[in-house]
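For clarity, every value in this text was computed on a predicted model and none was experimentally measured. What's counted below: heavy atoms across the whole structure, side chains too, no hydrogens, waters or symmetry copies.
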Amino acid sequence: MEEKQPSLLHKISKIISDFFNPLVSLFIFFVYMSVRNYTLKDSLLYFLPILLMIILPVIIWLVWNVKTGRYTNMDVSNRIQRKTLYIFIAVCVVAYLAFHYFKNGSLDFVMLFILILLFSMQISNYFIKSSMHTAFNIFVAALFLL
């Protein structure tokens, strides 16, 4: 049997979905904020822990779970499969918040609000299939407006 090729519209929608992935949006925001507000050294000191403690582990988690068949796709479209994703992201964010607090003696409020948003998404996920892409991208848009 011949495999059906995805349509042009499907390919374009996949590119848009990948670009507006919450990890990409947050990455763009943190790079922008780092360049705008900090020296290169301060940018690395602020952004590197976020990259190493949150962004990279979540990407590795997603790829590993898709490869092993636990998740059907990188967007984790299945509501049941999302439960473990939310828990993993929350653990990464809490670890970063603890690191940031002990290193700087203050909370990173952006990450604290991301954690609150994540808990809200987890709760709503029990009742409806809420869009993590939409929620996080609206949050990042609000961060850019500030």
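Taking the side chain as every heavy atom from C-beta outward, L62 and V76 approach each other to under 4.5 Å. You'll find the side chain of M74 reaches within 4.5 Å of the side chain of V63, heavy atoms only. Within the 4.5 Å cutoff, the side chain of T39 has heavy atoms near those of the D42 side chain.
Defined by atom type and a distance below 3.5 Å, a donor-acceptor pair is missing between the side-chain atoms of D108 and Y101.
Shortest non-hydrogen contact noted between P57 and C92 is CB-SG, 4.0 Å. Shown here for F27 and L51, the closest heavy-atom pair between the two residues is CE1-CD1, 4.3 Å. In plain terms, the two heavy atoms of V140 and S25 that are nearest each other are CG1-O, 3.7 Å.
Between the side chain of N104 and the backbone N or O of S106 there is no donor-acceptor pair closer than 3.5 Å. Between the side chain of T72 and the backbone N or O of G69, no donor-acceptor pair lies under 3.5 Å.
A tilted orientation is assigned to the rings of F47 and F30, their planes being inclined by 30° to 60°. Between F139 and F136, the angle of the ring planes goes over 60°, which puts this pair in the perpendicular group of the 30/60° scheme.
Evaluation of the side-chain contact (heavy atoms from CB on, under 4.5 Å) rule for N65 yields W61, T68, R70, Y71 as partners, not counting sequence neighbours. The side-chain contact (heavy atoms from CB on, under 4.5 Å) check on L8 picks up I12, with sequence neighbours excluded.
Connection of L48 to V35 is established within a shared hydrophobic cluster, with ILVMFWY side chains joined at heavy-atom distances below 4.5 Å, either directly or through further cluster members. Linking ILVMFWY residues whenever their side-chain heavy atoms come closer than 4.5 Å, directly or via other members, places L56 and I50 in the same cluster. Following chains of ILVMFWY side-chain contacts shorter than 4.5 Å, one cannot reach I138 starting from Y86, and the two form parts of different hydrophobic clusters. Under the 4.5 Å side-chain contact rule for hydrophobic residues, I54 and V94 share a cluster.
Remark: of the listed residues V24, V31, L26, V24 is the sole one forming a side-chain contact (heavy atoms from CB on, under 4.5 Å) with I28.
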Contacts under 3.5 angstrom, residues 109-125 side chains, donor-acceptor by atom type, not counting sequence neighbours:
from, atom 1, to, atom 2, distance (Å)
S120, OG, I116, O, 3.0
Q122, NE2, Y126, OH, 3.3
S124, OG, S120, O, 3.4
S124, OG, M121, O, 3.1
S124, OG, S130, OG, 2.9
N125, ND2, R79, O, 3.1

